*Asks:* 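Below is a structure I'd like to ask you about.
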Amino acid sequence: IGIDLGTTNTVVAFADKEKGAETTIELFRIEQLVAPGQIALRPMLPSVEYHPGPGELNEDDVRISCQTGYFGGIENLVVGTLALQLGSQVPGRLVASAKSWLSHPSVDRTAPILPWGGGDTAARVSPLTASANYLAHVRCCWNRAFPENHLEDQDVVLTVPASFDEAARGLTLEAARIAGIGGVRLVEEPQAAFHDWIFRNRDSLQESLEGSRLALVCDVGGGTTDLTLIRIEFDEGKPRFTRIGVGDHLMLGGDNMDLGLAHLVEAVLASPADTPLSGARLSQLIQQCRQAKECLLAADAPDKVPVTLLGGGSRMVGGARTT
């Protein structure tokens, strides 16, 4: 089982080792809430969690057939698609980009600091706890789908950025342990991408690599950009690969595009009284811009997508502006 615990989305794939060369790699469709009380199977689990306010959601709203025990003590916590939707509507309650915080050396990554800018009344968790919650959700869904082959009993590979330091790698393993997944092996994401390329081109690998001595893997993710240089050598006609270089840790990815779009929308819509936006309102606007970006980059994209900046205080509805 391979788990890509991404900054913005978590994806799971699996293969049957006993089939050897005849095996196929399959995506695991992850059960999650897509509306209050409504469940669907999706190929991606948004790596976000939503902390509802008192009375906002009830047990029926958040009940799924895969009942998992989330960590952090947040009542009626929501993970995945519904969390992303709610977080774009209500400021200060969405935990996002936990993976980026997990690699941030200037904060206590085991302290309850998320959602960042959530205000004094918002319930908080640590980046470590949020990461464990996403993995616990995956484990629960897998074990329900494959009751004879529990996830914790399989060979599990978990990917990390090549530029993660030892502390971030250790915290990733700790999140898996908290989620009940022990014995995890870490694989660097650019190397995993290169393995995938080799697998897809296995029948014509020598021809594909003819004349090549170096491969540069560029992994532009949700929170980081990862660069890895791989040396290609041939031994009796068979290629051999050696990683010889890793780029510096670059906190540059899809999150930055979302933030740039949010500042652009803020400049267009905000009145002088709104500038600068509070951390909670900016976070909400960022999530709206993320959804708009993903919609506009989709295969069946519309010509335009509205983004709304909600008013503050008692004028939450009446003060809304849209562009």
Side-chain angles (χ1 to χ4, degrees), residues 1-15 25 27-28 30 44-49 71 79 95-110 114 125-139 142 151-152 154-199 215-230 241-256:
I1 302 172
I3 303 175
D4 180 4
L5 180 63
T7 304
T8 50
N9 289 288
T10 295
V11 179
V12 181
F14 64 99
I25 297 174
L27 278 180
F28 176 60
I30 304 171
M44 295 190 297
L45 177 76
S47 303
V48 294
E49 66 178 54
F71 307 98
V79 166
V95 174
S97 304
K99 183 177 178 180
S100 292
W101 289 104
L102 205 62
S103 63
H104 201 310
S106 300
V107 300
D108 183 351
R109 292 161 276 188
T110 63
L114 302 177
V125 296
S126 69
L128 175 63
T129 299
S131 300
N133 281 338
Y134 308 147
L135 291 172
H137 185 99
V138 167
R139 176 185 173 229
W142 175 279
L151 186 144
E152 59 269 25
Q154 312 307 311
D155 290 334
V156 180
V157 171
L158 187 60
T159 60
V160 292
S163 54
F164 256 22
D165 61 17
E166 289 305 312
R169 292 171 189 248
L171 288 169
T172 302
L173 289 173
E174 176 65 9
R177 187 198 64 79
I178 292 171
I181 312 171
V184 171
R185 183 159 52 96
L186 297 183
V187 171
E188 294 176 0
E189 289 161 4
Q191 286 184 278
F194 193 64
H195 288 320
D196 180 68
W197 183 87
I198 292 171
F199 181 78
L216 176 64
V217 185
C218 304
D219 175 9
V220 183
T224 58
T225 291
D226 244 359
L227 306 175
T228 292
L229 192 63
I230 297 172
F241 309 107
T242 307
R243 190 198 70 175
I244 59 174
V246 174
D248 292 335
H249 190 59
L250 299 177
M251 296 282 284
L252 178 66
D255 283 355
N256 302 92

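From a predicted model like this one, the values you see are computed outputs, not experimental measurements.
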*Asks:* First locate atom CD of Glu189, then atom OG1 of Thr228, and finally report the distance between them rounded to the nearest 0.5 Å.
*Replies:* 9.5 Å
*Asks:* Quick check on Asp196: does its CG atom have over 12 non-hydrogen neighbours (other residues, nucleotides or ligands) under 6.0 Å away?
*Replies:*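 Count over threshold, so yes.
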*Asks:* Taking ring pair (Phe, Tyr, Trp, His ring centres under 6.0 Å) as the definition, give me every residue that meets it alongside Phe199, ordered by chain and number, with sequence neighbours left out.
*Replies:* none
*Asks:* Which value, rounded to the nearest 0.5 Å, describes the distance between Arg169 atom CZ and Glu188 atom CD?
*Replies:*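 One finds 4.5 Å between CZ of Arg169 and CD of Glu188.
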*Asks:* If I take atom CD1 from residue Ile3 and atom CZ from residue Arg139, how far apart are they, to the nearest 0.5 angstrom?
*Replies:*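 Taking CD1 in Ile3 and CZ in Arg139, the distance rounds to 11.0 Å.
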*Asks:* If you compare all heavy atoms of Asn9 against all heavy atoms of Pro46, which two are closest, and at what distance to 0.1 Å?
*Replies:* OD1-CA, 3.5 Å
*Asks:* Quick check: does any side chain N or O of Arg109 sit under 3.5 Å from a backbone N or O of Pro127, one acting as donor and the other as acceptor?
*Replies:*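 No.
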*Asks:* Kindly give the heavy-atom pair with the smallest separation between Ala192 and Thr159, and that separation in Å.
*Replies:* CB-CG2, 4.1 Å
*Asks:* Scan Thr10, Leu158, Ile178 and name whichever one has a side-chain contact (heavy atoms from CB on, under 4.5 Å) with Leu135.
*Replies:*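 It is Leu158; the other options fail the test.
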*Asks:* Shortest non-hydrogen contact from Val95 to Tyr134?
*Replies:*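 Answer, listing the atom of Val95 first, then Tyr134: O-OH, 3.7 Å.
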*Asks:* Hey, could you give me the CD1/CD distance between Ile181 and Gln154, rounded to the nearest 0.5 Å?
*Replies:*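 The CD atom of Gln154 is 11.5 Å from CD1 of Ile181, to the nearest 0.5 Å.
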*Asks:* What are the two closest non-hydrogen atoms of Leu114 and Ser126, and how far apart are they?
*Replies:* CD1-C, 4.5 Å
*Asks:* How long is the span from the CZ atom in Phe71 to the CG atom in Leu128, to the nearest 0.5 Å?
*Replies:* 10.0 Å
*Asks:* If you round to the nearest 0.5 Å, how far is CG of Leu151 from CZ of Phe28?
*Replies:*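 It is 8.5 Å, given to the nearest 0.5 Å.
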*Asks:* Is there side-chain contact between Lys99 and Phe164, with at least one heavy-atom pair below 4.5 Å?
*Replies:*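 Lys99 reaches Phe164 side chain to side chain.
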*Asks:* Just by distance, do the side chain of Asp226 and the backbone of Ala162 share a donor-acceptor pair under 3.5 Å?
*Replies:* yes
*Asks:* Taking all non-hydrogen atoms of both residues, which atom of Glu49 and which atom of Ala130 are closest, and how far apart?
*Replies:*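 Nearest heavy atoms, Glu49 then Ala130: OE1-CA, 3.7 Å.
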*Asks:* According to side-chain hydrogen bond (donor to acceptor under 3.5 Å, both in side chains), who are the partners of Thr224, at least two apart in sequence or on a separate chain?
*Replies:*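 Thr224: no side-chain hydrogen bond (donor to acceptor under 3.5 Å, both in side chains) contacts found.
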*Asks:* Under 3.5 Å, is there a donor-acceptor pair between the side chain of Thr225 and the main chain of Leu252?
*Replies:* yes
*Asks:* If every non-hydrogen atom of Asp255 is compared with every non-hydrogen atom of Ser97, which pair is closest and at what distance?
*Replies:* OD2-OG, 2.6 Å
*Asks:* Report yes if some heavy atom in the side chain of Ser47 is under 4.5 Å from a heavy atom in the side chain of Thr8; otherwise report no.
*Replies:* no
